[in-house]
Amino acid sequence: MCNFSGAAHAADFGGPPAYDGSLKDGPALMSQPSWTGFYVGGHVGYGWADNDTTTIVRNAQGNIPLNGNNPLVGVYSYDGDGWLGGLQLGYNYQSGRLVVGIEGDYSWSDISSSFVYDPDPAKENKTAGNDINWIATIRGRAGYAFDSVLVYGTAGVAFAEFDGYVNNFWRGNGDRGSGSSTETGWVAGGGLEFALAPNITVKGEYLYMHFDSSGQMTSHDWPDGTVMHADNDVDLHTVRLGVNYKFGN
């Protein structure tokens with residue numbers, strides 16, 4: 001006859017607790033990740049710029065010189081692209097499946113755009129364009145969490161530094177006009193973020209930015225007081241991959 005009293009007596013003195021469930025219950029489900037908390041990370045990506053530029057040349061008296069019978073005013077459309085990479089930090093708050101937050105980022109950039117403003121083959125290297133040295137954004141984020149996956153939209157303010165230039169404009173002897181400006185625009189986009197571990201996430205993101213930049217280019221090889229004003233309308237598209245570390249649980 002089996003002796004059940006011994007097993008019960010052992011349990012009274014710290015023996016293994018009796019299992020009061022069913023074998024069909026299986027292991028307990030793992031808790032879902034929380035998106036709430038501060039985070040910091042890095043990203044890499046690529047950008048494409050669509051530029052519409054109007055240039056106006058003025059002399060020291062503020063007048064527009066003539067090229068034959070035509071004033072020195074030009075309208076150009078051109079494209080550019082390049083790599084970018086940088087850092088981001090932010091904070092998320094989760095309520096149910098709704099996740100809201102704020103993020104700031106800074107990207108170093110080699111996005112470059114250029115065009116030939118005089119196609120005459122006798123006039124070599126008649127080129128102009130601009131380079132984007134860096135990009136920064138401050139954005140709100142709002143999304144929906146499917147457990148370890150966050151789908152979100154984002155929008156806010158964007159900043160960028162533009163270096164404009166024009167080669168061989170006045171005499172065609174190697175002169176180069178240049179100027180730099182920091183511009184403010186707006187940004188909107190969206191992305192997917194995946195929780196690989198309680199404190200590690202990866203994301204893919206698309207951002208569209210718009211800038212209305214206005215710069216002035218000068219050169220010591222141009223006549224005294226001559227400047228070129230460039231009004232540049234820029235549509236910038238970027239795709240980025242990033243990784244974040246979230247503080248806390």
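Residues satisfying the ring pair (Phe, Tyr, Trp, His ring centres under 6.0 Å) criterion with Tyr144, sequence neighbours excluded, are Phe146. Listed by chain and residue number, Trp186, His237 satisfy the ring pair (Phe, Tyr, Trp, His ring centres under 6.0 Å) test with Tyr208 (two or more places apart in sequence, or in another chain).
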**Q.** Phe211 and Phe159: CA distance, side-chain angles, deciding distance, ring pair (Phe, Tyr, Trp, His ring centres under 6.0 Å) verdict
**A.** CA-CA 8 Å; Phe211 298 96; Phe159 311 90; 8.5 Å; no
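Crowding of Asn63 atom CG: a count of heavy atoms from other residues, nucleotides or ligands under 6.0 Å exceeding 12. Residue Ile138 qualifies as open at atom CD1: its count of foreign heavy atoms under 6.0 Å is 12 or below.
Across every non-hydrogen atom of Thr154 and Arg141, the tightest pair is OG1-CG, 3.8 Å.
Side chain of Asn59 to main chain of Gln61: a donor-acceptor pair is present (N/O by atom type, distance under 3.5 Å, no hydrogens or angles). Of the possible polar contacts, one joining the Ser109 side chain to the Ile111 backbone as a donor-acceptor pair under 3.5 Å is found.
Trp134 pairs with exactly one of Tyr106, Phe162, Trp108 by the ring-ring contact (aromatic ring centres under 6.0 Å, His included) rule, that one being Tyr106.
In this pair, Tyr46 and Trp83 present their aromatic rings perpendicular. The plane angle is above 60°, beyond the 30 to 60° band.
Between the side chains of Thr53 and Tyr78, a donor-acceptor pair is found at a separation under 3.5 Å.
Taking the ring centroids of Tyr91 and Tyr93, they lie at or beyond the 6.0 Å cut-off.
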